[in-house]
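What you see below is based on every heavy atom in this structure, not just the backbone, and it leaves out hydrogens, waters and symmetry mates. Note that this is a predicted model, so its numbers are computed, not measured. Chain naming here is simple, since letters A, B, ... match the order of the sequence lines and numbering starts at 1 in each.
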Amino acid sequence: MATKLRVTIGTREFAASVEAGVVTIDGVEGTFEVAAGADGRWTVRQGDARSVGAALKAQDGTWVTLAGITARADVEGAGARPRSRTSDADALRPPMSATVVRIHVTAGAVVNEGDPLLVLEAMKMELPIRAPRDGVVKAVHCREGELVQPATILVDFE
Amino acid sequence: MATKLRVTIGTREFAASVEAGVVTIDGVEGTFEVAAGADGRWTVRQGDARSVGAALKAQDGTWVTLAGITARADVEGAGARPRSRTSDADALRPPMSATVVRIHVTAGAVVNEGDPLLVLEAMKMELPIRAPRDGVVKAVHCREGELVQPATILVDFE
Amino acid sequence: MMRRVLIANRGEIAVRIIRACREMGVRTVAVYSEADAGAPHVLAADDAVEIGPAAASDSYLKVDALLDAARRTDADAIHPGYGFLSENAAFAARVESAGLTFIGPSSSVIAAMGSKTAARKAVSAAGVPVVPGETPASQDLAAVRASLGRVGYPALLKATAGGGGKGMRIVRSDDEADEAIAAASREATRAFSDGTVYVERLIERPRHIEIQVMADRHGQTVHLFERDCTLQRRHQKVIEEAPGPTVTPAIRERMTRAAVAAAQAVGYVNAGTVEFLLSGDEFYFLEMNTRLQVEHPITEEITGVDLVRAQLLVAAGERLPFRQDDLSVRGHAVECRVYAEDPASGFLPQSGPLLRYREPQGPGIRVDAGVREGQSIGVHYDPMLAKVIAYGENRTAAFARTTRALEDFDILGLQHNIGFLAALLRDPRVVACDTHTRFIEEHIESFVPGYTDEQLHALVALAAVADGSGDPRDPGSGGRGPGFDPFETLNRGVF
Amino acid sequence: MMRRVLIANRGEIAVRIIRACREMGVRTVAVYSEADAGAPHVLAADDAVEIGPAAASDSYLKVDALLDAARRTDADAIHPGYGFLSENAAFAARVESAGLTFIGPSSSVIAAMGSKTAARKAVSAAGVPVVPGETPASQDLAAVRASLGRVGYPALLKATAGGGGKGMRIVRSDDEADEAIAAASREATRAFSDGTVYVERLIERPRHIEIQVMADRHGQTVHLFERDCTLQRRHQKVIEEAPGPTVTPAIRERMTRAAVAAAQAVGYVNAGTVEFLLSGDEFYFLEMNTRLQVEHPITEEITGVDLVRAQLLVAAGERLPFRQDDLSVRGHAVECRVYAEDPASGFLPQSGPLLRYREPQGPGIRVDAGVREGQSIGVHYDPMLAKVIAYGENRTAAFARTTRALEDFDILGLQHNIGFLAALLRDPRVVACDTHTRFIEEHIESFVPGYTDEQLHALVALAAVADGSGDPRDPGSGGRGPGFDPFETLNRGVF
């Protein structure tokens, strides 16, 4: 039976399935052999190429890294408790304590994936929050100048 | 109440007691303050000087290191299970698989601390086994040319 | 020599300074905010003093708390590191008047170089080229045209009152001048109710080249060659290298001479960096940083000099341990700044625990870091995790080694920019130096997200196998405890 | 360039070679015995082949298994590392006749230098000084006296048949000759039933100085200056440094010329080391090692050259990437060999798990290791855990940095020699170079056990607090898992 995974790299998410060594993402297949090494390391072989990565099961899923790329995976039925910051794709939350400096949208706005919704400021840097996909803004729960926390829902989205 | 410790650095053993921050070894006292840091690290302060070490409880006692020196400590009543290689001060065992190349003593020999009892060879190196203290050899359990294992008792000593 | 140095900083630079002090037999005092108890810099020092809550304004920027910590620990000198109070003239003055040694230039020099206008004026008087520019005597067409003629083409018309690109016009020749002046003035008036324009030479596709200088109190000022910091994102340096791959011996000669002249013009003492824009054969003074730079290690790698050690010697009143003739460039060095940030979402800073954090190792690789496995990366400070520094016999070898080091860096628990850095290093335009200070912004799609479909597939394959709970191959089931069997066999994970 | 290199070795040198290959885009094959499954060199390579049981004679020394592994993985070259088969001419010949590239000199050169007598003859013919010595034409008093006269005083009489010091006599002048000859002959007869004596110049208080050479197939032979390996214990190098602190420019000039002449005399190609004894201004050829040395990193640190990279280029038929004029010495480098051994019990090798293993870090510090935390150190191979290599601007700085690195090396689970190494580095005679090759043996009580009473007391204090079970400060209660709170406060352990 195929294992279904949701893989997150930063804010990007991918749905993948794995069955008998064949990985399928968006219809593209790849065949791999994975072996456990010592000390949390794993080797991943595809054809002639072998690379060594590391993996660790954590509360919010399985973290993996390979050749400098890090991802987090939730395996269907594995009972991983995702961290709040990624718990609900329809509720956008800040990645950290931050100040809301600009809000570009109001409830009802139709936005395309990547459209700027609002801008936060933290660590003296501006952090644009963009639409994760095409959709409609249901509600905006913050105002400019407000200090928001990781648990705060900024925008409801559908 | 004073904590009694037996501290081993390599083949050397020391009896020590600690009470209210005062460490006594062979009648010599020292006063220390110890604080836990993160990641298994500890700071040890004596007067103005602070150094950072690491400690780990293992099956065979508590291992500590400070400024490049490593020791193993058995605390009285701590229930540490010493490793077989140091389990019985009266039964000398080889530190590793080795070949007995020379035996200098026979049963009944009266020896002083540091006297060579026998010589092992391992890793192309000769390893002299010396008397841990003044005493009498009760029995020799190996012969020249024999391959001995860490569990083998070489010499009984009293 | 100082007896005891308080390091008014945190993270990798505090650790780096503490190591230099220890190697010189100087005792160290770390300071830390509530959020940094247990951080590596706290354990690295001989002493550590908590100075306040997490917010930098309540701790690392709090002058009184720092001076009080120094007094209580009997420190006789303060090293400011970089960032925080390192270029704050008032802080340096407070340190001086408390009778402590400030490891850096004097407060008056910091103040002089802290004002861009004053700095420009000072170095310009010493013959150092600055970007030509002037406010026309009057705003009529002829006067602005005359300014353009003096400043030279290509030129930039800027609204004096403005910003954000409004009222800005590029003028490439006399022919374009009239129309551009009119448009700029019109736009400026509309946007800012003030049509006044400023005329400046346009520096096209510049490279950011900076010269490390070092001066003692005995009149000796030397340079330690250049660093190329052209690869920037939003004025933040991303990858630096030394020596400058496009810097010819002739340019190096002129730039280093200009940098030393700039330092001498203000009576500079201790380590400093003179930043220039280089375009073609011409270079222009940008600013002088009156402190140790983040990227100082690449200079150390190619010159063999320990800059922090030199800083301490100079601050103690000793002579520099080298003369200009003793210094030379050998090989090539690269520094990559590893950040907790997500390149795919506009480089959003990331926070979270470093569930696994293993630095790359090997000949010619140096990692300057102030974090450790198990630590949680918070939101209070700069999200830089580590600097990966690699030395090689030449630029190609240094790039190859840097790439190898980035691939070997294991970080689990939060997102980082290593894939982005690796993508930059393998970009043919970066390799060929066909870059400029806005190169990353203009071509960001080439470097983001920084991983390939193959890599994504491989990660998924790994995750699917590694996730299997109760599986003997599961590395989450406590593989690091004392009871751990060190020689697990290589269990083929057929899945 | 080779496509795929099999490394016929294990441990730190295998890891080091694999890294160099990766940085050159060359694929690697590791080999491992049953005991080494999961060892760092196995995971570092692109491929790994198990070649037999733990005993080296059944695995790392098994030529057929190695060649078979190379064939199966389609490797086109073999790097032998050091030790094991690296100086085995028959192995090199087998590699050559299998059509593979042996990364080292040709089998015939290995054979020529492998015989001490043949090597002495060859280099002596090239004008390289060897220790003067001869077997007297006859064993009568006059003939032996004549030999003594030719060889020069102080001289050593040795039993031709013997060893172990029996029949050995030092002769300092003609006056002592007759008595010494009689005694030596008598003792030799008694011990070996053969009174024949050999006469050799006694090299008093020699320093061990070796010259790194490198030659390509295009006729270029260069040297990379010297290493001083005087600090030895039972002919095992313990601490090495470069450049040689007692080597004057004049001696360096003569020694490096002799080393290059020795290499050229035998048509040497690839990396090699010419070992000399230096006594006063005179030096004498000892032997030539036809392989990479354990201590090659200190040469890399002071010259900026990657010796393994150069080995690969030369083996691929390319020219050396540097000429003699490109090479120079900068700064000073020290290497300490960290062993799992107990200095207090005659340096008994130790085995056990590396419960905690954290390498020192920082500018100028390089650790070449092939072990990792959690690994068990067994009895089958050399007990070297790691090499701590430190670079500094000068010898004092390099020593200080090495000491700092040794202090920061955390090893729990077995006994090691770090305290012994640190004691050597702080010994005033070592600092002043008042040493010779038997210095450690003669003064062993100065360096063993390598810790002070204060250190012992502090260790006990730490152990007493850290042992407290159920205590929040107990680091054994799983402080490293994912649920670990990274910001434990600094819990003052009042006890």
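For C/L421, no part sits under 4.5 Å from any heavy atom of chain A, backbone or side chain. C/L406 touches chain A through its backbone: at least one of N, CA, C or O sits under 4.5 Å from a heavy atom, while the side chain does not. Proximity to chain C involves both the backbone and the side chain of A/V28, based on heavy atoms less than 4.5 angstrom apart. Using a 4.5 Å cut-off between heavy atoms, C/A344 touches chain A through backbone and side chain atoms alike.
Nearest heavy-atom pair across C/P449 and A/R12 is CG-NH1, 4.0 Å. Closest heavy-atom contact between A/A55 and C/L412: C-CD1, 3.8 Å. Taking all atoms of both residues into account, the shortest heavy-atom contact from C/R356 to A/A54 is NE-CB, 3.3 Å. Smallest separation of non-hydrogen atoms from C/A463 and A/T62: O-CG2, 4.3 Å. Taking both residues in full, the closest heavy atoms of C/A464 and A/V18 are given as CB-CG2, 3.7 Å, listed atom of the first, atom of the second, then distance. Across all their heavy atoms, A/G68 and C/H416 have their closest contact at O-CE1, 2.9 Å.
Annotation for A/N112: atom CG counts as buried by contact number, over 12 foreign heavy atoms lying within 6.0 Å.
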Inset, instruction - Please assess C/D410 against A/T65 for the test side chain to side chain donor-acceptor pair (under 3.5 Å), listing each intermediate value before the final yes or no. - result: CA-CA 6 Å; C/D410 274 0; A/T65 182; 4.6 Å; no
Inset, instruction - May I have the step-by-step check of side chain to side chain contact (heavy atoms under 4.5 Å, CB included) for C/L348 and A/R130, ending in yes or no? - result: CA-CA 11 Å; C/L348 206 62; A/R130 297 172 187 282; over 6 Å; no
Inset, instruction - Decide side chain to side chain contact (heavy atoms under 4.5 Å, CB included) for A/I9 and C/L459; before the verdict, give the C-alpha distance in whole Å, the side-chain angles of both, and the deciding distance to 0.1 Å. - result: CA-CA 10 Å; A/I9 302 185; C/L459 281 165; 4.1 Å; yes
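In this structure, the separation between CG on C/L414 and CZ on A/R72 is 11.5 Å, given to the nearest 0.5 Å. With values rounded to the nearest 0.5 angstrom, A/L66 atom CG is found 7.5 Å from C/Q455 atom CD. A distance of 7.5 Å separates CD1 in A/I69 from OG1 in C/T452, rounded to the nearest 0.5 Å. Rounded to the nearest 0.5 Å, atoms CG (A/D60) and CG (C/L355) are 7.0 Å apart. Rounding to the nearest 0.5 angstrom, the gap separating the CG atom in A/D74 from the CG atom in C/D467 is 9.0 Å.
Relative orientation of the C/H457 and A/F32 rings is parallel, given thresholds of 30° and 60° on the angle between their planes.
Each of A/V44, A/T24, A/V23 was checked for a side chain to side chain contact (heavy atoms under 4.5 Å, CB included) with C/V460, and the lone residue meeting it is A/V23.
For the options C/N417, C/D408, C/I418, heavy-atom pairs under 4.5 Å to chain A are most numerous at C/I418.
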